[in-house]
K.L.:
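First the structure, then my questions, so here it is.
One is the number of the first residue; the rest follow in order along the sequence. Atoms within each ligand, like the ligands themselves, are counted from 1 in listed order.
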Amino acid sequence: MARIIILGSAAAVSDAEHDNTHFILEGDSAPILVDCGSNPLGKIHKLGISDDSLQDMILTHFHPDHVSGVPNMLMHMWLLGRKAPLRIYGLNHCVNRVEDMMMFFAWDTWPNFFPVTFHRVLERNNAPILENDDFRIVGYLTKHFIPTMGLRIENKRNGKVLAYTCDTEPIPPLLELAKDADLLIHEAAGKGYGHSSAAQAGELATEANAKSLYLIHYQVWNTDPKPLVEEAKTTYNGPVHLCEDFDEYEF
Ligand SMILES: [Zn+2]
């Protein structure tokens, strides 16, 4: 059984209980980290996942709440004496900037640094990102402020599908991203340019025939997010959950 472990559930403004949205995919082989708004190694350690086993990281787009933990995580890994490689996947726009960000930290002067490689994902829908023994992961372009990709993740062992919209306002290609997904994890930052409301998340879940809907990347600052579940239920009849940090879902 594969599972997703939520490491953060908040939109760009986090609080003490809700880190920025990022998560781990865990199958029988190695874990995969999706986004890195803060250094996740403390949480990963607490979950009993070895940081050496983490060798694949997908970055959805270059906004601070999705990538600003990368330099600190890499330094942390280096100071632990890591030798294992790390592969970073993302669109050109994101990967180029992550490389530049690391150059600002002069990482080329950090001695005995472990191997880090960058893998540029094609800027198109259904673009292959990575495949291992557990998962086949493809990217879809979303409508956000900068080039951004959502993910369709297939569990190769049982055929189940987890779809993650990432940050986006509703656009037709999301139907393919989310089609018949067993779990649709949809952002719910609020209706407006580049984002979606919980009701819009429900609309996609209905149109795409998703089996369940999980709301993530929602507002938490001086706001109670719980009513988002009822809002999504106005447009979707299936089960709706509000993702919380450290939740785990099997698929
Ligand atoms: Zn964003």
K.L.:
Look at His61 and state whether any of its N, O or S atoms is less than 2.8 Å from the Zn ion (ligand 1).
P.N.:
yes
K.L.:
Distance check below 2.8 Å: does Asp65 bring an N, O or S atom to the Zn ion (ligand 1)?
P.N.:
no
K.L.:
In terms of ring plane angle, is the pair His241 and Tyr214 parallel, tilted or perpendicular, where the classes change at 30° and 60°?
P.N.:
parallel
K.L.:
Restricting to N, O or S atoms, which atom of His63 is closest to the Zn ion (ligand 1)?
P.N.:
ND1
K.L.:
Would you call Arg157 and Asp134 a salt bridge, taking side-chain N to carboxylate O under 4.0 Å as the test?
P.N.:
yes
K.L.:
Is any N, O or S atom of His144 under 2.8 Å away from the Zn ion (ligand 1)?
P.N.:
yes
K.L.:
Please report whether the ring centroid of His66 lies less than 6.0 Å from that of His217.
P.N.:
yes
K.L.:
Restricting to N, O or S atoms, which atom of Asp167 is closest to the Zn ion (ligand 1)?
P.N.:
OD2
K.L.:
Distance under 6.0 Å and angle within 45° of the ring axis: does Lys46 meet both against Phe246?
P.N.:
yes
K.L.:
Could you tell me whether His144 and His61 have their ring centroids closer than 6.0 angstrom?
P.N.:
yes
